[in-house]
Amino acid sequence: MTDIGKSGAAVGEPVAQGSPAPTAFLEVRDLKVHFPTDDGLVKSVDGLSFQLEKGKTLGIVGESGSGKSVTSLGIMGLHTAGQYGKRKAQLSGEIWLDGQELLSADPDEVRKLRGREMSMIFQDPLSALHPYYSIGQQIVEAYRVHHDVDKKTARRRAVEMLDRVGIPQPDKRVDSYPHEFSGGMRQRAMIAMALVNNPELLIADEPTTALDVTVQAQILDLIRDLQKEFGSAVIIITHDLGVVAELADDILVMYGGRCVERGPAESVFYEPRHPYTWGLLGSMPRLDREQTDRLIPVKGSPPSLINIPSGCAFNPRCPYADLPKDNVTRTVRPELAEVGSRHWAACHMTQEQRERIWTEEIAPKL
Amino acid sequence: MSGNPEKSAVTSEDKAVTIPAQSGGATLKQGPAQGETLLKVTGLQKHFPIRKGLLQRQVGAVKAVDGLDFEVRSGETLGVVGESGCGKSTMGRLITRLLEPTAGKIEFEGKDITHLGVGGMRPLRRDVQMIFQDPYSSLNPRHTIGTIVGAPFRLQGVTPEGGIKKEVQRLLEVVGLNPEHYNRYPHEFSGGQRQRIGIARALALNPKLVVADEPVSALDVSIQAQVVNLLDDLQEELGLTYVIIAHDLSVVRHVSDRIAVMYLGKIVELADRDSLYKAPMHPYTKALMSAVPIPDPRRRAAKSERILLKGDVPSPISPPSGCRFHTRCWKATETCRTQEPPLLELKPGQQVACHHPENAEDQAPQDTVLLSAATEAIEVVTVGGDEPAKTAAEQTPEPETSEPEMSEPEASASEGSASEGSASEPPASEPSVPEPSGEKRVKE
């Protein structure tokens with residue numbers, strides 16, 4: 001089914017390959033998700049590693065096409081089941097959840113975990129919820145798949161969950177259909193469904209992108225409270241740096257299917273060590289700062305995942321691509337290197353160069 | 001400009017403004033001087049009928065836009081913010097006359113354009129252009145970029161100096177595209193590039209007013225900044241006037257000179273950018289701004305600054321009585337429920353429609369009893385003493401009303417006063433409060 005264990009050379013991540021004793025609750029090692037297409041191999045995720053502990057939140061940030069959503073689907077095992085065109089996605093690497101490797105596991109085993117140990121909140125609740133079934137039926141189904149209980153108990157549980165996520169009159173609304181809910185309520189219902197089995201890993205893929213800002217604040221608050229209550233590990237995937245700053249303990253910045261910077265939220269926001277992260281920080285207007293005259297955009301557009309630029313994937317857009325010697329940015333792919341405590345970045349510039357550019361050129365303009 | 005039908009009832013104050021004649025060339029035009037009113041909107045309404053049954057009788061209406069008054073001055077950028085369904089896009093389509101207003105009046109350069117027909121609008125289309133949200137659906141996939149950007153010239157029968165092709169290539173260069181891509185099709189471009197094509201098309205005839213409906217929301221963060229900067233540069237170079245409609249408050253702050261905040265078809269606050277962001281007066285504006293996630297992990301601890309509105313925006317089919325925000329407002333009183341607050345200028349350059357504004361004198365100080373809904377309306381309000389002018393002098397505390405837990409000024413004040421056990425109904429109609437203006441609009 002899947003093509004497992006082709007670990008190959010360790011692709012520059014600070015995780016030793018093949019060591020079978022992961023200490024973290026979730027550990028992803030050198031994950032690759034490739035899709036064969038008529039135009040060529042789409043390398044959506046190309047060597048990604050990270051760890052996540054229970055009770056912690058990891059924010060994955062990146063632009064569209066950076067591979068962030070594919071990562072989450074890969075962890076959930078939704079690619080092995082699905083077929084894209086006539087060809088299957090090719091996955092490699094290792095995903096360890098609570099001591100169990102998922103990519104090499106039997107799909108039936110993974111299915112048992114899905115929904116119970118790990119669950120997911122999708123971006124667009126209207127297309128993720130089934131329009132023909134009431135909200136209650138869908139939550140009951142999610143619960144009864146994993147728990148041997150009668151319908152009444154399951155229904156009680158559904159009402160309880162709807163109440164917990166802040167849906168008014170849950171005993172009545174449990175029989176409503178998705179179209180009767182507003183966007184924010186649907187997202188709440190999805191969260192209720194995702195949490196009905198007390199999963200230990202919750203993946204939220206752009207959970208608030210389709211919502212208005214006041215509703216977004218409600219949902220982010222809810223996710224934060226629920227995490228505190230259930231102590232789950234949360235991966236939040238978003239393009240909005242504001243959202244990750246609200247929720248995430250650690251941040252992973254993706255570009256062109258790879259991690260370009262990873263570290264604690266504070267370090268990534270205050271001492272970013274990758275030009276792409278600088279670009280992201282410079283491109284967004286901020287309400288908490290004085291008005292700046294101009295934004296500092298990243299020139300160009302994101303790369304095609306079929307033709308990822310050689311060397312550093314960011315080099316065509318990087319204003320500092322010529323700083324390192326011997327054209328190395330265009331020929332050699334930079335590996336993640338430690339730039340601070342638990343903080344890694346993949347850039348050819350020397351640590352000193354980056355520190356200087358950040359403190360002298362970038363930070364004052366933000 | 002003969003396409004003006006007899007219905008353009010020009011009011012006395014507007015007679016002074018002369019309409020500059022359209023010149024033949026696309027580039028030769030003199031707009032009104034900087035700061036003059038370019039577009040004036042009074043009592044604008046748009047109700048979409050809901051029809052049901054065999055006879056398609058009208059059973060109601062979606063009051064998408066329900067009485068707007070504002071003006072756009074030449075050379076400025078007016079930002080319009082609000083949540084989805086507040087009518088901001090409908091407003092944009094009304095002022096560009098892509099939709100027929102139900103009531104109200106739109107004046108462009110002093111000329112009433114409210115009910116101009118297609119032919120009557122045509123000469124004006126040159127002056128009013130639109131940039132759309134979705135760069136994928138707003139470009140015809142079967143037309144080349146050259147055809148798309150050149151279409152305005154052909155439609156208006158304008159031949160620019162040097163020919164259409166040359167002018168289109170110049171425009172492509174202006175918006176940062178390669179002029180050699182003249183013969184390419186939209187699918188060959190990325191989202192950001194397509195948005196640039198849309199901008200080039202809007203600029204083709206050198207318009208005076210550009211209405212941009214969510215110009216960057218479909219774009220990636222790094223591309224958003226490129227387009228925002230481009231809009232900035234073009235305004236500076238060409239002296240454009242923008243109406244920028246967006247839901248992203250930080251983008252709106254970045255681009256706008258003045259900002260209108262909309263809620264359920266009404267403007268609740270209209271103010272200069274700095275006044276609005278430093279001292280918002282309408283509770284909704286305040287809640288909206290506090291809800292924006294700040295990209296700063298150190299601010300996370302300061303969660304108490306956040307005002308968390310409960311519930312969703314009510315349906316525009318039957319908007320709440322009185323102040324439309326009263327169902328979600330933590331300051332709502334009986335007056336708010338019964339009387340619609342007019343949009344008043346409480347500070348120079350800051351208009352607000354609220355009985356109990358923040359950062360300003362209370363408009364209905366005698367009415368201090370919170371609606372029971374108001375105490376439930378909010379989870380966290382720790383307003384750090386930023387309402388100095390709270391004159392909650394005499395009040396009739398409502399016994400049933402549970403006190404809000406947080407330090408709400410009215411609530412803490414009412415605690416102190418002796419309970420006069422009276423009246424679950426507080427004094428409803430206050431003579432000092434002016435009549436709501438919105439409902440009284442003449443429908444013609």
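Each chain gets a letter, A, B and so on, in the order the sequences are listed, and its residues count up from 1. Note that this is a predicted model, so its numbers are computed, not measured.
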query: Can you list the steps and then say if B:Tyr277 with A:Leu287 is a side-chain contact (heavy atoms from CB on, under 4.5 Å)?
result: CA-CA 8 Å; B:Tyr277 280 88; A:Leu287 280 187; 3.2 Å; yes
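- Here the side chains of A:Ser301 and B:Ile223 are in contact, with some heavy-atom distance below 4.5 Å.
- Counting only heavy atoms from C-beta outward, the side chains of B:His254 and A:Leu295 approach each other to under 4.5 Å.
- Within residues 225-239 of chain B, the residues having any heavy atom under 4.5 Å from a heavy atom of chain A are, by residue number, B:Ala225, B:Gln226, B:Val228, B:Asn229, B:Asp232, B:Asp233.
- When only modelled atom types and interatomic distance are considered, B:Ser222 and A:Glu63 share a side-chain donor-acceptor pair under 3.5 Å.
- Neither the backbone nor the side chain of A:Leu211 comes within contact range of chain B, judged by heavy atoms closer than 4.5 Å.
- Put simply, of B:Asp296, B:Asp248, B:Leu249, the one with the most heavy-atom pairs under 4.5 Å next to chain A is B:Asp296.
- Side-chain contact between A:Arg286 and B:Pro295 is present, with at least one heavy-atom pair separated by less than 4.5 Å.
- Remark: A:Tyr320 pairs with A:Trp278 by the ring-ring contact (aromatic ring centres under 6.0 Å, His included) rule, at least two apart or across chains.
- Evaluation of the side-chain contact (heavy atoms from CB on, under 4.5 Å) rule for A:Asn307 yields A:Ser304 as partners, not counting sequence neighbours.
- Of all the listed residues (A:Ala265, A:Gly184, A:Ser64), the one sharing the greatest number of non-hydrogen pairs under 4.5 Å with chain B is A:Ser64.
- A:Phe269 has its side chain out of reach of B:Arg298: every pair of non-hydrogen atoms, C-beta onward, lies at least 4.5 Å apart.
- Side-chain atoms of A:Ser283 and B:Gln224 form no donor-acceptor pair, as typed in the model, at a separation below 3.5 Å.
- For a residue to count as touching a neighbouring chain, one of its non-hydrogen atoms must lie under 4.5 Å from one of that chain's; by this rule B:Ser190 touches chain A with the side chain only.
- Contact tally against chain B (heavy-atom pairs below 4.5 Å) for A:Gly279, A:Pro168, A:Gly183, A:Ala248: the top residue is A:Ala248.
- Applying the ring-ring contact (aromatic ring centres under 6.0 Å, His included) rule to B:Tyr242 yields no partners; only residues at least two apart in sequence or on another chain are considered.
- For A:Tyr276, no part sits under 4.5 Å from any heavy atom of chain B, backbone or side chain.
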